[in-house]
Amino acid sequence: MEKIWQEFYAKGVPFSIDFDEVTLPEALKRTAKKLPDRDALIFQGNNITFRELNELVCQFASALKELGVQKGDRVSIILPNLIQTVVAVYGTMTAGATAAMHNPRAGELNLAHQLNDAGSRILVCLDLLVPKMVAARKRTQVQKILSCHIRDYLPLASKMLFSLVKREMHLDTPREQDVFEFKELLESGKTKFQGPPVSLDDTAFILYTSATTGPSKGVVLSQRNMSVNLQQARSWFPAFEDGKETVVGCLPFFHVFGITCALNIGIFYGFTDVLVPLPEPKNILEAMSSGKASFIPALPTLYNAVANESAFQKYNFKSLKGCFSGGAPLPASTIRTFENLTGTAICEGYGLTETSPVTHVNPHGGITKPGSIGLPLPGTDAKIVDVDDPHKEITSPDVPGELCIQGPQVMQGYLNLPEVTGAAFLHGWFHTGDIVTRDRHGYFFVVDRRNDIIGSGDLKVYPRHVEEVLFAHPKVEEAAVIAIRSSGSAEAVKGVVVPKKGERPTEKEIIEFCARRLSPHQVPQEIQFQERLPRTPIGKVQRGELKRLHLIKKSKVPKQ
């Protein structure tokens, strides 16, 4: 199909890219040589230049070699966004190994599954997790554990205060066999290190899916996947200047969105990265303002929370050039609120762990459409196929179907799951499982996940459409929609609503509001009010958990 969407690219965005054939470790060396004295990382007032970062990375790679790490090995990393995280990620790749990233808040069983799946023998983790990981060694292949402390890279005054008032947030490293202090091990390494050759076809990362529908899967992403995708993302913001931007690193680096759009893009193009280990609204606002941020990639939940923060007005956002949202649907009301407060547009986009992640974004400096995920990036092809017949392509505008992707950023496959990998591809196209439409200009709109569609008789209800109506209610802060059993095999709509602070809407009020704006089969039959919605670590609403809670509640209702 003709790429009609290219007509709506913003000025300066190329239709195609002559990709720079450089790996991520090479990119760091290149930036350190070109911009040695520019700040690479800022963490709680401690500034690390690109020269210093490159030396730390070499030290860590050298230390890994002494620990027996060889080319192709996997090193697991379980950390929030710290200086040690960046050093561990790039040091691992510099040593020729693969960085397996894990969520520090994942449950013990899920972490054990991931560590066994990755087959990592070296583990880098936060000190608070060390006792648990020492115990878990018996159930995994992990042999050596490197303990990291938040206090290690704090300025002296902050370090003293941290030790006095936040004792519960750090632990001393236990005296266990093969448990090492990260910083001590780092200091034993060499600041100049020549590791094995790293090629674009080597695996850069193993990243785990959020396990919303079953055990988490390890997504295998090559150096090429990651390198080209950050170049695609960078091309979308032609107003940015290499070596002059500052990005807020509030997205977790264990997630692909944070790795590409906050970490790797900074390393590749000389952006300063202000690290936010605990992404709470005030911390993000402080990082945005004090760091004079020009670029913020973040989740919709973060934009929503930040926009509703009472202290918002006291911060300065004059340096902002662009904001990028992804990972979950971005409500139109959040876009309007944030843009009115800052004067900066949020470009909503789309991506998956399996696509490194970015495939679509609304044009920065071009026409943006609320509710749309935008246009495919340069070098990316997209098509829509019939939900029931994946061989049948849908070319008519505004007809829903499954989104399929082709491009150099698409994963190598799922780790240790050849059959699942094969099922995800058909004739070279990756099938995303997301239901989308495309308008006549080539803008794509996510309707919903294929598994979340509600069957109301012969009609389909897409939860996101109903959620947008719920979000429009003046008393609603957040909302999610799930299917509940109606009669026979039919399903009905249930809305789960988080009211705005100080508001007390009624179920009748919400349902009547929806009835005036939706077709009868789309109107929720029930509304449940909650203080918060269950979410994955990256902010996606866990509809499966809401369905489970609904069934539990229903089972406790006495029969008449």
Side-chain angles (χ1 to χ4, degrees), residues 24 27-28 31 35 38-50 52-53 56-57 77-91 99 101 103-105 124 126 148 150 152-154 205 207 226 229-230 233-234 237 240 243-303 305-306 315 317 319-327 346 349 351 357-358 537-539:
L24 300 180
L28 172 59
T31 303
L35 302 166
R38 177 169 173 78
D39 288 336
L41 307 173
I42 297 177
F43 175 68
Q44 301 295 310
N46 185 7
N47 296 31
I48 302 290
T49 66
F50 277 104
E52 292 168 334
L53 176 59
L56 291 172
V57 163
I77 299 168
I78 315 179
L79 292 170
N81 292 7
L82 306 174
I83 289 173
Q84 296 98 312
T85 314
V86 183
V87 172
V89 166
Y90 273 79
M101 309 298 290
N103 175 13
R105 296 184 179 180
V124 186
L126 194 64
C148 301
I150 292 177
D152 281 347
Y153 286 95
L154 291 173
F205 292 97
L207 302 172
M226 302 302 282
N229 195 229
L230 69 91
R234 169 67 181 88
F237 297 88
F240 287 2
K244 294 185 179 181
E245 308 301 339
T246 298
V247 58
V248 175
C250 58
L251 288 167
F253 292 163
F254 63 77
H255 188 264
V256 68
F257 190 11
I259 285 177
T260 294
C261 297
L263 175 56
N264 290 342
I265 200 168
I267 299 294
F268 214 91
Y269 295 105
F271 296 177
T272 297
D273 201 333
V274 184
L275 302 179
V276 183
L278 189 62
E280 293 180 344
K282 286 186 178 179
N283 295 341
I284 297 170
L285 285 167
E286 182 62 35
M288 290 162 61
S289 182
S290 64
K292 297 181 180 179
S294 54
F295 179 47
I296 305 174
L299 301 166
T301 49
L302 295 181
Y303 284 117
V306 166
Y315 293 98
F317 305 106
S319 59
L320 269 182
K321 289 184 178 180
C323 297
F324 178 23
S325 176
I346 301 176
V358 193
I538 65 146

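Basis for what follows: all heavy atoms, side chains included, without hydrogens, waters or symmetry-related copies.
Applying the side chain to side chain donor-acceptor pair (under 3.5 Å) rule to T246 yields no partners; only residues at least two apart in sequence or on another chain are considered. Every residue meeting the side chain to side chain donor-acceptor pair (under 3.5 Å) condition with Y90, not counting sequence neighbours, appears here in chain and number order: N264. Taking T31 as the reference, L35, F50 meet the side chain to side chain contact (heavy atoms under 4.5 Å, CB included) condition, with sequence neighbours excluded. Partners of F253 under the ring pair (Phe, Tyr, Trp, His ring centres under 6.0 Å) rule, at least two apart in sequence or in another chain, do not exist in this structure. With sequence neighbours excluded, the residues satisfying side chain to side chain contact (heavy atoms under 4.5 Å, CB included) with N47 are D39, I42. Legend: residues meeting side chain to side chain contact (heavy atoms under 4.5 Å, CB included) with A233, ordered by chain and number and at least two apart, are absent. With sequence neighbours left out, Y315 forms a ring pair (Phe, Tyr, Trp, His ring centres under 6.0 Å) with no residue at all.
A donor-acceptor pair under 3.5 Å is absent between the side-chain atoms of N103 and the main chain of F254, judged by distance alone.
Side-chain contact check for V57 versus V86: every heavy-atom pair is 4.5 Å or farther apart. Put simply, the side chain of Q84 does not reach to within 4.5 Å of the side chain of V124, judged on heavy atoms.
The shortest non-hydrogen separation linking A99 to I77 is CB-CD1, 4.1 Å. I284 and C250 make their closest contact through CG1-CB, 3.9 Å (heavy atoms, listed as atom of the first residue, atom of the second, distance). Considering every non-hydrogen atom in both A262 and V248, the closest pair reads CB-O, 4.4 Å. The two residues P80 and P277 come nearest to each other via the heavy atoms CB-O, 3.8 Å. Among all heavy-atom pairs drawn from G258 and L251, the shortest one is CA-CB, 3.5 Å. The shortest non-hydrogen separation linking P104 to I78 is CA-CG2, 3.5 Å.
To the nearest 0.5 angstrom, F205 atom CZ is 4.5 Å from I259 atom CD1. Here CD1 of I83 is found 4.5 Å from CG of N46. Values are rounded to the nearest 0.5 Å. Here the straight-line distance linking atom CG of L263 with atom CD1 of I267 works out to 5.5 Å at 0.5 Å rounding. For the atom pair OG of S325 and OH of Y303, the computed distance is 6.0 Å after rounding to the nearest 0.5 Å. The distance from atom CZ of F295 to atom CZ of F237, rounded to the nearest 0.5 Å, is 4.5 Å. Between the CD1 atom of I48 and the CG atom of L41 there is a distance of 6.5 Å, given to the nearest 0.5 Å.
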Decide side chain to side chain contact (heavy atoms under 4.5 Å, CB included) for L82 and I150; before the verdict, give the C-alpha distance in whole Å, the side-chain angles of both, and the deciding distance to 0.1 Å. CA-CA 7 Å; L82 306 174; I150 292 177; 4.1 Å; yes

Could you go step by step and tell me if M226 and T260 meet the side chain to side chain contact (heavy atoms under 4.5 Å, CB included) rule? CA-CA 7 Å; M226 302 302 282; T260 294; 3.5 Å; yes

Evaluate side chain to side chain contact (heavy atoms under 4.5 Å, CB included) for L24 paired with L230, printing each intermediate quantity in order. CA-CA 10 Å; L24 300 180; L230 69 91; 3.8 Å; yes

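Residue pairs meeting the ring-ring contact (aromatic ring centres under 6.0 Å, His included) criterion with at least one partner in residues 256-276, sequence neighbours excluded, are F257-F324. The side chain to side chain donor-acceptor pair (under 3.5 Å) contacts involving residues 270-295 comprise R38-T272, E245-S294, where partners must be two or more places apart or lie in separate chains.
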